[in-house]
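For reference, the structure is listed below as structure tokens.
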Amino acid sequence: MATNFLAHEKIWFDKFKYDDAERRFYEQMNGPVTSGSRQSSGPGASSGPGGDHSELIVRITSLEVENQNLRGVVQDLQQAISKLEARLSSLEKSSPTPRATAPQTQHVSPMRQVEPPTKKGATPAEDDEDKDIDLFGSDEEEEDKEAARLREERLRQYAEKKAKKPTLVAKSSILLDVKPWDDETDMAQLETCVRSIQLDGLVWGASKLVPVGYGIRKLQIQCVVEDDKVGTDLLEEEITKFEEHVQSVDIAAFNKI
């Protein structure tokens, strides 16, 4: 039904074919259509495949024009490069001699040729310089001797100062308990006997009688001794020598001072 309906309608479906044929006819007669003529032809000229084809032709022609312009620019660059190459070649040809002579001057050193004779024969000025150097060396030797003398002097002073400094003596405080034989022992005589012991580094202190029991009393006496000179064994040995009065000796307290 749709086809029958369209068959009765007046619609030109293949109009673009006729337009294309008409454009080709006029191109053969008058040449390709320009952009100005295409624009003046109105909207009907650019519609359909024929209008696209004419636009493509216009673009191709514009690209050809640009290509010709680029070729001209490339030719100008080639000419400029050729001129530069010619100029460089002329400069290279005009400057070969300095480059050839430069390595010869670099290898020759005038100072090296003059050094050997100066070493063999010394001038009077150089002799004076040598003398100055010797004198400078002698000054250094005198300074070394002076420094050594000062160092020895300081060491000697330090040794003397250390020798004069009093050394600490280790001492101890000892409390002794001296026990008699019985209650009939003369305790005053016993204390006299103990105090009669005189040793280097021994100093006797206070004493008292302490009751033990059954009327017996013991002698409790304080003393200070130097540890390097007097020991507890020596004290016990010296006190027990008084056998008539002393039965035994005990250390009640021992403190370092």
Side-chain angles (χ1 to χ4, degrees), residues 1-137 139-140 143:
M1 294 177 66
T3 56
N4 295 327
F5 175 76
L6 292 174
H8 294 286
E9 290 293 329
K10 295 179 180 180
I11 299 173
W12 196 1
F13 291 99
D14 52 354
K15 182 180 182 296
F16 66 92
K17 293 182 181 179
Y18 295 96
D19 292 338
D20 191 13
E22 184 180 3
R23 180 183 56 76
R24 289 179 182 178
F25 174 75
Y26 284 111
E27 283 181 358
Q28 290 178 1
M29 294 293 292
N30 300 324
V33 180
T34 60
S35 61
S37 62
R38 185 173 58 85
Q39 290 177 359
S40 63
S41 61
S46 60
S47 61
D52 295 337
H53 186 72
S54 62
E55 185 178 358
L56 181 62
I57 292 172
V58 172
R59 290 182 181 180
I60 290 172
T61 54
S62 63
L63 289 173
E64 288 179 354
V65 173
E66 291 179 359
N67 191 11
Q68 290 178 0
N69 293 331
L70 290 174
R71 286 180 181 177
V73 174
V74 170
Q75 288 178 358
D76 294 338
L77 290 174
Q78 288 178 351
Q79 291 177 0
I81 291 170
S82 62
K83 289 180 182 179
L84 290 173
E85 290 178 352
R87 189 172 181 182
L88 287 173
S89 61
S90 62
L91 290 173
E92 289 177 354
K93 291 178 181 179
S94 62
S95 62
T97 51
R99 292 184 179 180
T101 55
Q104 295 178 359
T105 56
Q106 289 177 358
H107 288 290
V108 177
S109 178
M111 294 300 293
R112 293 180 181 176
Q113 295 177 358
V114 177
E115 282 180 0
T118 56
K119 292 181 180 179
K120 292 181 180 178
T123 60
E126 292 177 350
D127 294 335
D128 294 337
E129 290 179 356
D130 294 337
K131 291 179 181 179
D132 294 337
I133 292 171
D134 293 335
L135 291 173
F136 185 71
D139 292 338
E140 288 183 352
E143 289 179 358

Is the shortest distance from a Lys or Arg side-chain nitrogen in Asp20 or Arg24 to a carboxylate oxygen in the other one below 4.0 Å? yes

List the atom pairs, with distances to 0.1 Å, where a side-chain N or O of residues 59-77 and a protein N or O form a donor-acceptor pair under 3.5 Å, not counting sequence neighbours.
| from | atom 1 | to | atom 2 | distance (Å) |
| --- | --- | --- | --- | --- |
| Arg59 | NH2 | Glu55 | OE2 | 3.0 |
| Thr61 | OG1 | Ile57 | O | 3.3 |
| Thr61 | OG1 | Val58 | O | 2.5 |
| Ser62 | OG | Arg59 | O | 2.6 |
| Asn69 | ND2 | Val65 | O | 3.3 |

Listing, residues 79-89 side-chain donor-acceptor contacts under 3.5 Å, not counting sequence neighbours, or none:
| from | atom 1 | to | atom 2 | distance (Å) |
| --- | --- | --- | --- | --- |
| Ser82 | OG | Gln78 | O | 3.2 |
| Ser82 | OG | Gln79 | O | 2.5 |
| Ser89 | OG | Glu85 | O | 3.2 |
| Ser89 | OG | Ala86 | O | 2.6 |

